[in-house]
Amino acid sequence: MQTATPQPQNQPRAAQKAASLRIALVLLSIAAVFFGGVILAQYSGAPGVGIGVLGFAILGFLLVAIGRNLRK
Amino acid sequence: MSSIPHHQGPGHAIDDAHAHDEHAHHPGGIMRWITTTNHKDIGTLYLWFSFIMFIAGGCLALTIRTELFHPGLQIVDPEFFNSLTTLHGLIMIFGAIMPAAVGFANWQVPLMIGAPDMAFARMNNWSFWLLPFAAVLLFASFFVPGGAAAGGWTLYAPLSVQAGMGMDLTIFAIHIMGASSIMGSINIITTILNLRAPGMTMMKMPLFVWTWLITAYLLIAVMPVLAGAVTMLLTDRHFGTSFFNAAGGGDPVMFQHIFWFFGHPEVYIMILPSFGIVSTILPAFSRKPLFGYASMVYATSSIAILSFIVWAHHMFTVGMPAAGQLFFMYATMLIAVPTGVKVFNWVTTMWKGSMTFETPMLFAIGFIFLFTMGGFTGLVLAITPVDIQLQDTYYVVAHFHYVLVAGSLFAFFGGVYYWLPKWSGRMYNEKLGEWHFWLTMIFFNVTFFPMHFLGLAGMPRRVPDYATQFTDWNMVATIGAYGFGLSQLLFFYIVLSCIRSGPPAPAKPWEGADTLEWTLPSPLPYHTFETPPAIK
């Protein structure tokens, strides 16, 4: 049984909002890459474009994530 | 379910801060529902919307079944029949099942993780209110020149490139519903990652929350792909491009690849939340913790990942190299492993439990039984040479209705019965609930089990007429469909009578329930967990 007792908030509301916004923007950018990527891949007609978009997206998000943590 | 009272009920468990609920300022009447940013209100809106769409899609299905009662053309012409099958699929998938799952997420995710609401409350409102407009577009397509889309819910090119104005409305509706889904998914992921109560670590989250987290990631990945595909379809139709138009150098088969890259994960988008609901109900009525919690999380993740590499099993007859057929066959069969882990864990959760069989438990067990059958026929269809024989027959129709009706829908019924006392503060009529289960169970099988025989005998799907040797089982299926449809009116009556005049529900009506929402009073206050609870 999970039990619960009221606790003071451990994260200020503004900081929590900013963190939520960051997560949302990352997720939105992933959706945008998939949307644009599939059209770009078909538009260019080159078979490597689709996998290229996906590869750059994965590497790009990875680099941004690592970079943000390195700054901390 | 329809209304959250503004005052506290008895049994107030943990949070005196809710006392100010009585002073909560929000509009009443219709404006409450239009402007609401409360996750419970929005969850209610999603669930009622999905029920209305379920009834509408069901009416289309009954028209289909009525036409198929006898061989020959009876009540609709073939073109309209194709529109019926197309819109039935689109409405049930995008209008009924997915919004229902989001409705459960809206209600339960914040409550189960100790969050006060969804992370983006206004966006949550917008996510919902896009849906009725998409639904209107879909239904309006019946009345435009050329009629509604008639190429099947898969919208395959080149049929969809050549279709009338109804296809444009369908494409626009899909764009809107896709945007709604993506916004909803962003909201759910952010809520789960960022708004969990102190002490609610990821591996303490209820399995329903886990399944929705994974589902939301799937949605983020594949809904934009579908949006991209229908956008290209739109430009092929109106702006002179030739993405899928062979006459202009395009590739119609590529549409199928892109569509199924979305379409197969979509199957899991529809079923994973149901897994979460069943994984919540079974331990409660077995009075035992869920067996193999961690393995359930890993199995769900594995299913989600594998769902990205099996899409071409929908396209074995299109033509592909033998190596491709083998890859997609074995990858598809591999999904049976994590799915088997889940079924094993569900059964083992019940093993030697102090089980009782209230309506939610009946639906959960019904789900396991029928979903497993649907899973097995899926394995049959995964075998390439068998699939080539059964492609586009009623065997496929039987398979995916066992997975999506007996899977998703049974779990949703179970979920409604399980949480309705908490949502509404009132108990439903248990006897009628059990009647609803048994009628649904019996008529579901009367409807869809004969379709296996029809498919094996070679009856093609999406046809308004058929050879006379298929008549008997088609008659049985149609009678079953009417029974199944009428049984759902009983569900409507049970829910309505519960909300209006059911006896008051205690804070925790189910002895074995152990998730966070049951620490709150019934009915739930309008605002919950404004002060985050600490989880021990």
Side-chain angles (χ1 to χ4, degrees), chain A residues 1-69 72, chain B residues 13-17 112 114 119-120 123 178 182-183 185-187 189-191 193-195 197-200 204 206 216-217 219-229 231-232 235 241 243-244 249-251 254-255 258 261-262 513-516 518-520 529-536:
Chain A
M1 172 77 187
Q2 284 176 341
T3 55
T5 49
Q7 289 287 309
Q9 284 187 292
N10 63 344
Q11 197 178 13
R13 190 169 285 268
Q16 194 175 54
K17 269 189 170 180
S20 295
L21 199 62
R22 272 199 303 277
I23 293 173
L25 286 174
V26 169
L27 294 171
L28 190 65
S29 64
I30 293 171
V33 165
F34 273 89
F35 176 73
V38 71
I39 295 175
L40 188 70
Q42 295 308 306
Y43 189 75
S44 71
V49 173
I51 198 74
V53 168
L54 200 62
F56 276 114
I58 291 169
L59 282 177
F61 285 117
L62 204 63
L63 286 174
V64 170
I66 293 168
R68 286 192 63 248
N69 281 294
K72 287 175 190 168
Chain B
I14 61 159
D15 195 353
D16 288 334
M112 286 176 145
F120 303 105
M123 189 167 80
I182 290 168
M183 288 194 292
S185 303
I186 288 173
N187 221 339
I189 293 173
T190 310
T191 304
L193 293 185
N194 217 19
L195 266 64
M200 177 63 80
K204 275 188 189 167
Y217 275 116
L219 275 165
I220 296 276
V222 300
M223 282 312 289
V225 176
L226 176 68
T231 302
M232 287 185 274
T235 60
T241 59
F243 288 109
F244 309 123
D251 183 1
M254 183 53 79
F255 180 85
I258 298 173
F261 182 81
F262 146 82
D514 68 349
T515 42
L516 214 48
W518 303 107
T519 62
L520 295 165
F529 296 131
E530 286 177 291
T531 306
I535 312 302
K536 291 170 185 164

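Order of the sequence lines fixes the chain letters, A, B, ..., with proteins taken first and strands second; residue numbering starts at 1 for each chain.
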Visitor: With a 4.5 angstrom heavy-atom cut-off, could you sort out which part of B:I220 is near chain A: side chain, backbone, both or neither?
Guide: both
Visitor: Would you call B:D514 and B:W518 a side-chain contact if the rule is heavy atoms closer than 4.5 Å?
Guide: no
Visitor: Pick one of side chain, backbone, both or neither for B:A119, based on which atoms fall under 4.5 Å of a heavy atom in chain A.
Guide: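 Looking at B:A119, just its side chain touches chain A.
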Visitor: Side chains of B:L520 and B:F529: does their closest heavy-atom pair fall under 4.5 Å?
Guide: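 Heavy-atom side-chain distance check passes, below 4.5 Å.
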Visitor: Could you check whether the rings of B:F255 and B:F244 sit parallel, tilted or perpendicular, using 30° and 60° as the cut-offs?
Guide: perpendicular
Visitor: Out of B:T241, B:L226, B:I258, B:D251, return the one with the most heavy atom pairs under 4.5 angstrom to chain A.
Guide: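 Most pairs with chain A among the choices: B:I258.
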Visitor: Could you tell me if the side chain of B:F262 sits less than 4.5 Å from the side chain of A:V38, heavy atoms only?
Guide: no
